[in-house]
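Heads up: the structure comes next, in structure tokens.
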Amino acid sequence: MIKQPAMQPNRLPGVVHDPATLKEPFSLALLGWFAKAARDLPWRHTTDAYRIWVSEVMLQQTQVKTVVGYYQPFIDLFPTITDLAAATEERVLRAWEGLGYYRRARGLHQAAGRLVEMGYHNLPPDPAVLALLPGMGEYTRNAVLSQAYRLPLPIVEANSQRVLARLLGVDDDPARGPVRKWLWQASAALVSQHDPGAFNQALMELGSLICTPTKPGCLVCPARPWCAAAASGSPEAIPRKSPRPAVTRVEEVALVVRQGDRWLFARRPASASRWAGLWEFPHREILAGSTGEATLAGLMNDLFGLAAPSLLLGTVRHSITRYQVAMAAYLLELPDTPVPCLPDHDAHAWLHAQQVATTPLSAPQRRLWQLVNRG
DNA sequence: GTCCGGGATG
DNA sequence: CATCCCGGAC
């Protein structure tokens, strides 16, 4: 057996730097730039670990611009971990409505509960304790601890990954395991010991504002003197991006059932893969070989055991992951209804319009509700 | 209309 | 390694 040498990713030809030799000059330039160029974001006015945690979880897979509209209202509703732990999951999900990836909200809520059970009133500066919490991966943990407690922990997420890959000339898919591990080591070698929180924020801010995916602003980049990708002449070629899976089109029918001034909603169970815990109008996919009419009739029969005329309200379109869904909604008015059977849901309720306003729905279901109100 | 970007988890 | 989500850019 031959021992494997330490993993080295493919590097761009020409001058590429060792992370260790870059540390001082790069860190100085980056922090200097950040002091001038940093955006004024709501979560940059606090060192409270809980608030930083909330912002970091919201920012997972979500653009800054979107999070800005959610952060402060969420903090106003749940100012501390204790408040969050005491809230119902439904209220937390309602505050999260529209942000997507609802597992994040459920995880945040559960994590708050566990911390309070353990006797904490905030996140402790202890990576091992944080690692026990749902939704707390290595990135989020280190981002929070470096910002709130100045622990010199590295980060790698999409922005910093792109910045580091370009700076160090990594000519490999950085998402692949060994390359990603190498980038984590590079990030650890570079992170400022004096102000790790600002350094990590600066790395991401640079990726967000200057070192962008398609048109990097190398002419105004503070890291230009050391950047292998800028020297190569086509920095946008790094990192190599893997192709998206093909989009699958899906058609559905939804049943909007009205009884007087109340509407039938059902709750998706905690075990649902998507939109767990959110409420919705009953709906069903039109399977290949079937028709909208047949699917609608089947849904109506399964729910109420009846066949009744219904009126087409309109169609709601949305995209989720690799699916593009068109949902045709039908209105059904029922005078007096026995409790329906709702497969794939763990609860149902007849809600007044005012209650619907405080009930968590997915984005397409909220749009369907708006359609119902206008039509 | 279609494409793009973005961490955690089974 | 596939899956969650949405808004905004194009």
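Per chain, numbering begins at 1; letters A, B, ... match sequence-line order.
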Measure [atom1]/[X] against [atom2]/[N] and give the value in whole Å, please.
X        : N     : atom1 : atom2 : answer
A/Gln61  : B/dA8 : CD    : P     : 9 Å
A/Tyr70  : C/dC5 : OH    : P     : 13 Å
A/Glu280 : C/dC5 : CD    : C1'   : 15 Å
A/Trp96  : C/dC4 : CH2   : C1'   : 14 Å
A/Arg176 : C/dC1 : CZ    : P     : 8 Å
A/Tyr139 : B/dG6 : OH    : P     : 11 Å
A/Tyr323 : C/dC4 : OH    : C1'   : 11 Å
A/Arg240 : B/dC4 : CZ    : P     : 15 Å

Pair [X], [Y]: side-chain N/O donor-acceptor within cut-off below 3.5 Å:
X        : Y        : answer
A/Gln365 : A/Ser362 : no
A/Glu205 : A/Trp33  : no
A/Gln147 : A/Arg44  : no

Counting only heavy atoms and a strict 4.0 angstrom limit, can you tell me which residues of residues 198-222 of chain A come near DNA chain B? A/Pro213
In residues 102-117 of chain A, which residues come under 4.0 Å of DNA chain B by heavy atom? A/Arg103
Categorize [X] for me: base, sugar-phosphate, or nothing, with a 4.0 angstrom heavy-atom threshold over every strand shown.
X        : value
A/Arg249 : sugar-phosphate
A/Arg367 : nothing
A/Pro243 : nothing
A/Gln324 : sugar-phosphate
A/Ser273 : sugar-phosphate

Report all side-chain donor-acceptor pairs from residues 165-179 of chain A shorter than 3.5 Å, counting only partners two or more places apart or in another chain.
from, atom 1, to, atom 2, distance (Å)
A/Arg166, NE, A/Pro235, O, 3.0
A/Arg166, NE, A/Ile238, O, 2.7
A/Arg166, NH1, A/Cys211, O, 3.4
A/Arg166, NH1, A/Thr212, O, 2.8
A/Arg166, NH2, A/Thr212, O, 3.2
A/Arg166, NH2, A/Pro213, O, 3.0
A/Arg166, NH2, A/Ile238, O, 3.0
A/Asp172, OD1, A/Asn10, ND2, 3.3
A/Asp172, OD2, A/Asn10, N, 3.0
A/Asp173, OD1, A/Ala175, N, 3.0

For the side chain to side chain donor-acceptor pair (under 3.5 Å) test, which of A/Arg366, A/Arg268, A/Arg267 pairs with A/Glu280?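 Running side chain to side chain donor-acceptor pair (under 3.5 Å) over A/Arg366, A/Arg268, A/Arg267 with A/Glu280 returns exactly one hit, A/Arg268.
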Which sits closer to the 5' end of DNA chain B, A/Leu133 or A/Thr62, going by the nucleotide each is nearest to?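 Here A/Thr62 is the residue nearer the 5' end.
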If you assign each of A/Gln63 and A/Glu138 to its closest nucleotide in DNA chain B, which residue comes earlier from the 5' end?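 Closest to the 5' end, via its nearest nucleotide, is A/Gln63.
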When you measure from the side-chain N and O atoms of [X] to the phosphate of [N], is any distance below 4.0 Å, counting only OP1 and OP2?
X        : N     : answer
A/Trp275 : C/dC6 : yes
A/Arg322 : B/dC4 : no
A/Gln60  : B/dG6 : no
A/Thr140 : B/dG7 : no

ring-ring contact (aromatic ring centres under 6.0 Å, His included) for A/Tyr70 and A/Trp96? Distances and angles first, verdict last. CA-CA 7 Å; A/Tyr70 282 83; A/Trp96 205 268; 7.7 Å; no
Shared hydrophobic cluster, A/Ile286 / A/Leu368 (ILVMFWY, side-chain heavy atoms < 4.5 Å): no
So which heavy atom on A/Arg104 is nearest to which on A/Met58, and how close? NH1-O, 2.9 Å
Closest non-hydrogen atom pair, A/Pro154 against A/Asn142: O-ND2, 2.8 Å
Tell me whether the rings of A/Phe26 and A/Trp226 are parallel (<30°), tilted (30 to 60°) or perpendicular (>60°).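 Ring orientation of A/Phe26 relative to A/Trp226: perpendicular.
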Could you label the plane-to-plane angle of the A/Phe281 and A/Phe265 rings as parallel, tilted or perpendicular, counting under 30° as parallel and over 60° as perpendicular? tilted
Counting only non-hydrogen atoms, which of residues 46-58 of chain A are less than 4.0 Å from DNA chain C? none
Given B/dG6, C/dA9, C/dC5, which nucleotide is nearest the side-chain atoms of A/Arg274? C/dC5
Assign each of A/Pro245 and A/His318 the nucleotide of DNA chain C bearing its closest heavy atom; nearer the 5' end lies the nucleotide of A/Pro245
Side chain to side chain contact (heavy atoms under 4.5 Å, CB included) with A/Ser208: which residues, sequence neighbours excluded? A/Arg39, A/Asn159
Residues in salt bridge (charged side-chain N to carboxylate O under 4.0 Å, His left out) contact with A/Arg141, at least two apart in sequence or another chain: none
